[in-house]
Amino acid sequence: MEAPWQEIKRQVMDGLDMSREFTDEELRERIALAVRSYSKEKLLSLKVRESYEEQIFNSFRRLDVLQELLDDPEVTEIMVNGEAHIFYEKAGALYPWTKAELSRERLGDMIQQIAGSANRAVNEANPILDTRLSDGSRVNIVLEPVSVEGSCISIRKFSKKPMTLERLMELESLSQEVAEFLKLLVQAGYNIFISGGTGCGKTTFLNALSAYIPKTDRVITIEDSAELRLVDKPNLVRLETRNQMFEGVKPITIRDLIRTALRMRPERIVVGECRGEEALDMLQAMNTGHDGSLSTGHANSCRDMMSRLETMVLMGMELPLTAIRSQIASGLDILVHLGRMRDKSRKVLTITEVTGMQEGEIVLKDLYRYVEKPSDGEAVCGELQRVGTLFNQEKCKRAGITLPGTGE
């Protein structure tokens with residue numbers, strides 16, 4: 001049975017002139033008139049009228065039943081598994097959303113609204129879409145029948161304020177000593193790669209590190225969907241991929257954008273995530289004078305990240321393994337591995353230096369390692385302990401930076 005507010009929405013739609021665009025204010029006025037007219041017959045309370053007005057407006061211009069979750073600053077992720085099941089993440093735990101229901105038609109309308117607002121297309125020919133909302137939230141959409149139980153939406157929300165290393169220290173993701181160390185490495189132009197599993201905070205950490213790129217540097221960011229928010233960077237260019245929306249429209253890949261970025265006189269290249277053949281182009285950029293470049297990738301450890309990079313390079317070009325490892329060893333300087341602990345907290349687990357090659361193998365040297373301490377409670381307690389000293393300090397010397405504790 002149709003809900004009362006849906007009946008009012010139909011009346012609003014019937015009265016709209018589809019030949020022109022309506023502003024939000026005009027639409028709200030028409031919705032309010034329709035709700036007042038309906039209320040004269042049904043004697044609705046003020047609270048119910050306001051609720052109907054908001055629901056109808058959200059269904060037209062916002063994300064319908066998901067809008068309340070989007071507006072909640074404590075909700076970090078929203079998952080729609082077909083029209084029957086909605087879940088959200090708050091404080092690291094998952095909960096079912098039972099306040100509202102979705103029909104197949106409303107879910108389809110919501111998906112097209114998300115895609116259209118980002119000037120993207122998702123349909124039977126292109127049933128998978130990665131995009132973003134106007135507030136920067138990351139969105140993944142998979143249509144049925146690729147998603148067997150119904151179309152799915154996954155929304156990863158980001159804080160309204162860009163995350164900083166100071167805030168990460170407050171959350172005990174890293175120590176002040178490590179934060180200062182990483183700041184200096186970014187300023188000195190070390191190539192840093194951030195690894196970790198899904199949901200461990202790689203993009204957030206990358207954004208936090210990017211804040212310490214000098215203002216004078218020309219920075220180019222390259223992403224599938226633009227999520228990074230670099231503040232106080234006057235000479236910033238943001239590039240975003242494009243899928244094949246229509247026949248004859250050529251897709252623009254991460255690899256295309258890296259190649260283009262090299263012709264744009266970049267001083268720093270920031271790649272949101274490496275997950276395929278673009279790893280070769282990223283490493284070549286790091287090896288051709290673009291010091292201070294940053295990127296992220298999925299892996300279980302720093303050593304695993306090296307193996308994954310080798311595999312990703314082989315996706316783009318068949319090269320001898322020794323040549324690939326040489327590119328990695330000479331291009332990357334520092335690996336930062338993040339993890340999500342059993343108490344749902346996110347921590348820096350390892351900071352590792354790539355020191356070179358020996359007997360055909362990439363040599364890794366741990367600089368900091370997270371050591372967990374015994375704890376009676378559920379919270380994970382521990383600290384990042386320094387286990388090594390930076391071997392390659394040439395970039396620090398060229399930048400006039402002295403690392404604490406080195407005496408140089």
Side-chain angles (χ1 to χ4, degrees), residues 161-171 173-195 201-223 228-238 261-262 264-272 274 282-283 285-297 302 329-338 348 350-355 365-368 384 386 388-408:
K161 295 181 180 179
M163 186 63 75
T164 63
L165 290 185
E166 287 74 14
R167 177 58 181 151
L168 290 172
M169 282 188 280
E170 292 174 11
L171 297 171
S173 294
L174 75 169
S175 64
Q176 183 172 353
E177 177 187 342
V178 171
E180 291 298 325
F181 176 69
L182 291 174
K183 283 182 192 178
L184 294 176
L185 294 187
V186 172
Q187 291 166 359
Y190 282 75
N191 293 324
I192 301 175
F193 200 96
I194 301 163
S195 64
K202 296 183 297 297
T203 303
T204 298
F205 200 86
L206 176 63
N207 209 81
L209 282 185
S210 300
Y212 300 98
I213 295 174
K215 295 180 185 179
T216 54
D217 285 3
R218 177 169 170 80
V219 184
I220 299 180
T221 65
I222 298 169
E223 302 172 84
L228 295 172
R229 285 181 285 174
L230 276 63
V231 296
D232 205 18
K233 299 290 180 289
N235 200 347
L236 171 67
V237 177
R238 303 174 71 203
L262 294 176
M264 299 172 71
R265 199 199 170 278
E267 288 174 294
R268 310 256 187 161
I269 295 177
V270 180
V271 181
C274 265
M282 184 200 70
L283 289 170
M286 290 179 170
N287 278 302
T288 53
H290 302 95
D291 288 338
S293 294
L294 306 168
S295 188
T296 75
C302 291
S330 58
L332 288 180
D333 297 311
I334 298 291
L335 300 169
V336 179
H337 186 71
L338 310 179
V348 175
T350 317
I351 297 178
T352 300
E353 180 182 9
V354 183
T355 60
K365 175 187 176 185
D366 285 352
L367 303 178
Y368 289 90
L384 275 165
R386 183 171 172 176
T389 304
L390 189 68
F391 173 74
N392 177 15
Q393 298 191 20
E394 186 60 34
K395 290 183 179 180
C396 284
K397 292 175 182 176
R398 290 204 303 263
I401 291 174
T402 301
L403 294 175
T406 62
E408 298 182 20

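Numbers for residues simply follow the sequence, beginning at 1. Fair warning: this is a prediction, and the values are worked out from it, not measured in the lab. Just so you know, these numbers use all the heavy atoms, side chains as well, and skip hydrogens, waters and symmetry mates.
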Between atom CZ of Phe181 and atom CG of Leu384, what is the distance when rounded to the nearest 0.5 Å?
11.5 Å
Closest contact, heavy atoms only, Ala188 versus Ala399:
CA-CB, 3.9 Å
For Ser173, run the side-chain contact (heavy atoms from CB on, under 4.5 Å) check against Val178, Leu165, Leu338, Leu168 and tell me which one passes.
Leu168
Hey, does the side chain of Thr350 reach the backbone of His337 with a donor-acceptor pair shorter than 3.5 angstrom?
no
What pair of heavy atoms forms the shortest contact from Arg386 to Glu177, and how long is it?
CD-OE2, 3.7 Å
Side chains of Val270 and Ile213: closer than 4.5 Å at any heavy-atom pair?
yes
Between Glu353 and Leu367 (side chain of the first, backbone of the second, donor and acceptor by atom type, cut-off under 3.5 Å), is there such a pair?
no
Could you tell me whether Arg167 and Glu170 have a side-chain N and a carboxylate O separated by less than 4.0 Å?
yes
Return the minimal non-hydrogen interatomic distance between Gly331 and Asn287, and the atom names on each side.
N-OD1, 3.3 Å
Is there a side-chain contact between Ser210 and Leu294 (heavy atoms, below 4.5 Å)?
yes
Could you tell me which non-hydrogen atom of Gly272 sits nearest to which non-hydrogen atom of Thr296, and how far apart they are?
O-OG1, 2.6 Å
Closest heavy-atom pair and its distance - Pro266, Ala261:
CD-O, 3.1 Å
Check the pair Lys397 / Glu394 against salt bridge (Lys or Arg N to Asp or Glu O under 4.0 Å), numbers first and verdict last.
CA-CA 5 Å; Lys397 292 175 182 176; Glu394 186 60 34; 5.0 Å; no
Check salt bridge (charged side-chain N to carboxylate O under 4.0 Å, His left out) between Lys395 and all other residues, then give those that pass, not counting sequence neighbours.
Asp291, Asp333
Which residue pairs pass the salt bridge (Lys or Arg N to Asp or Glu O under 4.0 Å) test with at least one member in residues 206-217, sequence neighbours excluded?
Lys215-Asp232, Asp217-Arg268
Residues two or more places apart in sequence or in another chain: which of them pass salt bridge (charged side-chain N to carboxylate O under 4.0 Å, His left out) with Lys365?
none
Show your working on side-chain contact (heavy atoms from CB on, under 4.5 Å) between Cys302 and Phe193 and close with a plain yes or no.
CA-CA 9 Å; Cys302 291; Phe193 200 96; over 6 Å; no
Check against side-chain contact (heavy atoms from CB on, under 4.5 Å), Leu390 and Ile334:
CA-CA 10 Å; Leu390 189 68; Ile334 298 291; 3.9 Å; yes
Rounded to the nearest 0.5 Å, how far apart are NZ of Lys233 and CG of Asn235?
11.5 Å
Please determine whether side-chain contact (heavy atoms from CB on, under 4.5 Å) holds for the pair Val219 and Glu267, giving the CA-CA distance in whole Å, both sets of side-chain angles, and the decisive distance to 0.1 Å.
CA-CA 6 Å; Val219 184; Glu267 288 174 294; over 6 Å; no
Roughly how far, to the nearest 0.5 Å, is the OG1 atom of Thr204 from the CG atom of Leu171?
10.5 Å
One should read off an interatomic distance between Leu283 CG and Thr288 OG1, to the nearest 0.5 angstrom, of 10.5 Å
Nearest heavy-atom contact between Ile269 and Ala285 is CD1-CB, 4.0 Å
Just how far is it from atom CG of Leu182 to atom OH of Tyr368, taken to the nearest 0.5 Å?
8.5 Å
Would you say Arg238 and Leu228 make side-chain contact, with heavy atoms under 4.5 Å?
no
State whether the side chain of Ser293 and the backbone N or O of Asn191 hold a donor-acceptor pair below 3.5 Å, judged by distance alone.
no
If I take atom OG1 from residue Thr203 and atom CZ from residue Arg229, how far apart are they, to the nearest 0.5 angstrom?
11.5 Å
